[in-house]
Protein chains: 2
Amino acid sequence: MHTLLIIEDDPAMLRGLQDNFGFKGYRVLIAVDGEQGLNLALDTRPDLIILDIMLPKINGYEVCRLLRKEKIETPIIMLTAKGQEADVVLGLNIGADDYVTKPFSIRELIARVEAFLRRRDDEQPTEYHFGDCHLDVASRVFTRNGQTVNLTPREFEMLCYFLERPGRALTRDEILNHVWGYSTFVTSRSIDRFVTTLRNKIEPDPHAPRFILTVREIGYRFQPE
Amino acid sequence: MHTLLIIEDDPAMLRGLQDNFGFKGYRVLIAVDGEQGLNLALDTRPDLIILDIMLPKINGYEVCRLLRKEKIETPIIMLTAKGQEADVVLGLNIGADDYVTKPFSIRELIARVEAFLRRRDDEQPTEYHFGDCHLDVASRVFTRNGQTVNLTPREFEMLCYFLERPGRALTRDEILNHVWGYSTFVTSRSIDRFVTTLRNKIEPDPHAPRFILTVREIGYRFQPE
DNA sequence: CACAAGTGTTACGGTTTTGTTACCGTTATA
DNA sequence: TATAACGGTAACAAAACCGTAACACTTGTG
C-alpha cells in the first residue's frame with residue numbers, strides 16, 4: 001500500500017483529495033500548513049507528496065526546498081493556481097517533480113500520481129536476491145536454496161525494509177517507525193530480538209552475520225553481497 | 001462484438017454518438033435518462049458505458065455510484081460539461097474510470113473507448129484449469145474431475161478473483177473490494193468463512209490446502225499447480 | 001406458508017506470533 | 001583492569017490470528 005502526504009489548507013479541496021485517494025486504496029496523511037507538512041514528511045517518509053503552494057506558516061516552495069535540502073527525494077506534485085505559470089518554472093527548479101494547475105480534474109491528478117508510483121515501483125523491484133536467498137514481495141514468499149522458508153509478518157516487513165535501503169545504517173527509531181508503525185510503544189529491544197530470528201533464517205552463519213550487520217549505538221545495516 | 005451503453009439525454013449528441021459507434025461496428029444501446037440507463041446496465045451488462053452527467057430522473061454521478069455499489073465494474077467514461085469538473089467530482093467517490101470534457105472530439109472519445117476495451121480483452125481469459133478443477137467464467141460452470149460442482153455466487157466471484165491474480169498475496173481489503181464491492185460493511189472475517197467453504201470444494205485435502213494458501217496478517221494467495 | 005439455499009456474524013479453540021525480561025558475553029572507556 | 005553500556009538470545013506469558021461450527025437473517029420457490 002502506498003502512503004500519500006497531502007499538504008493543503010483549503011478544507012474542501014483537502015476533503016476531496018482525501019476521499020478520492022482514500023477510496024483508491026491509498027493511505028492518506030494530511031497536513032494543513034507548511035510546518036506541519038514538513039514535519040510529517042520527515043517523520044513518515046511518504047511515497048509521494050501533493051503540495052499546495054499557498055500555505056500558512058511555510059509556503060509550498062519553501063517546504064519543497066527544505067525537503068530537498070534534507071535529501072528527501074520523494075516525488076512532489078505541486079498544486080498551482082491558474083496563471084501562476086512563472087511559478088511553475090520556479091517550482092520545478094526548486095525540485096518539484098510535476099505540477100497540476102487548479103482547477104484540475106481529479107482523474108488527471110490520480111493519473112499523474114500513479115505514473116510516479118509506477119515508476120518508483122519499477123525502480124524498486126518487488127523481488128530481491130542476496131546470497132542463496134530470494135524474496136518476492138508481491139507473493140510474500142521467501143525462499144532459501146529454492147526451499148520456501150516461513151517468515152512471520154514482522155520478520156517479513158523488517159527484511160523488506162532492510163532490502164529497500166541496502167548499505168545504509170538504519171537507526172532503531174527508523175526501523176520502529178517503518179516496521180511497527182508510527183504510534184507504537186514497542187521497546188527498541190524487540191528489534192534486536194527480531195534481528196536474531198531473522199539472522200537465523202537468512203544468514204549462512206548466524207553468529208557471524210554477513211548480511212544484517214550491527215551498527216553499535218545506532219542500529220543495523222543490510223550489506224548486500 | 002462489443003456492446004456499448006450510451007446514457008445521454010441530448011438528442012443531437014446521442015444521435016452523433018450512436019451513429020459513430022454504430023459505424024465502427026459496436027452494438028449500441030441507448031438510454032435517455034438515468035433510471036432507464038441504470039436498468040439497462042444492470043440487465044444487459046454492456047462492455048462499456050458512456051455516461052452524461054446532466055440527466056433526467058437520476059443524474060450521472062448517482063448512476064455511476066449506484067452501479068459501483070452493485071459491483072458492476074464495467075468501465076465508465078463520463079461526459080462532463082466544462083467547468084463541472086473539479087469541485088463536484090472531487091467531492092464524490094463515484095468511481096468513474098475516465099472523463100471527457102464537452103466539447104470533445106469524437107475521435108478522442110473513440111480512442112479512449114478502444115483503449116479500455118483492448119485492455120479488458122487482453123486481461124480476461126475465460127477459462128481456468130488447476131488440479132482436477134476447471135472453471136468456465138462465461139458459462140459460470142465449475143467442474144471437478146468432470147463432475148460439475150455447485151459454487152454459490154460469492155464463492156464463484158471469489159474463486160475468479162483468485163484465479164485472475166495467481167501467485168499474489170491478496171489482502172483482505174483487496175478481496176473485499178473486488179468480491180463484495182466498494183461500499184459494503186462486511187466483516188473481513190466473512191472472507192475467511194468463504195475460503196473455508198471454497199477449500200472444501202476445490203482442495204484435495206481441505207485441511208492442508210494446496211491452492212488457496214493463507215498469508216498470515218495479510219489474506220490469501222492462490223498458488224497455481 | 002413451509003422450505004431450502006445463500007450469506008454474514010459470532011464465538012470457541014488451537015496455533016502462531018509477538019514483546020518483554022533476564023542473563024550473559026562483548027566492547028568502549030577511563 | 002574495572003566498569004558501564006550495549007547487543008545476542010533463551011524463555012515465557014500475553015495477544016493476535018485463523019479455521020470452523022453454529023446461528024440468525026434474507027430471499028426465492030413451490
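Just so it is clear: chains get the letters A, B, ... in the order the sequence lines come, proteins before strands, and each one is counted from 1. Not measured: the values here are computed from a predicted model.
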Polar side chain donor-acceptor pair, B:Arg172 to B:Ser188, under 3.5 angstrom: no
Please list, pair by pair, any protein nitrogen or oxygen found under 3.5 Å from a nitrogen or oxygen in nucleotides 28-30 of chain D.
none

Geometric class of the B:Phe194/B:Trp180 ring pair [parallel <30°, tilted 30-60°, perpendicular >60°]: perpendicular
Grab the N/O contacts between the protein and nucleotides 26-30 of chain C below 3.5 Å, and write none if there aren't any.
none

Checking A:Arg165 against A:Phe222: charged group under 6.0 Å from the ring centre and within 45 degrees of the axis? no
What is the distance, rounded to the nearest whole Å, between atom CZ of A:Arg154 and atom P of C:dT17? 12 Å
Less than 4.0 angstrom between a side-chain N/O of B:Trp180 and OP1 or OP2 of C:dG8, yes or no? yes
May I ask you to check whether B:Phe142 and B:Phe156 place their ring centers less than 6.0 Å from one another? no
Shorter than 3.5 Å, N or O on both sides, protein versus nucleotides 19-21 of chain D: list them out with atom names.
unit_1, atom_1, unit_2, atom_2, d
D:dG19, OP1, B:Arg199, NH1, 2.9
D:dG19, OP1, B:Thr214, OG1, 2.5
D:dG19, OP2, B:Tyr220, OH, 2.6
D:dG19, N7, B:Arg189, NH2, 3.3
D:dG19, O6, B:Arg189, NH2, 2.3
D:dT20, OP1, B:His207, ND1, 2.9

When you measure from the side-chain N and O atoms of A:Asn150 to the phosphate of C:dT16, is any distance below 4.0 Å, counting only OP1 and OP2? no
Give the ring-plane orientation class for A:Tyr161 versus A:His178, where under 30° counts as parallel, over 60° as perpendicular and anything between as tilted. parallel
Is there a donor-acceptor contact under 3.5 Å linking the side chains of A:Asp192 and A:Tyr220? yes
Classify the nucleic acid contact of B:Glu155 as base, sugar-phosphate or nothing, counting any heavy atom under 4.0 Å across all strands shown. nothing
Does a side-chain N or O of A:Ser190 approach OP1 or OP2 of C:dT18 to a distance below 4.0 Å, or not? no
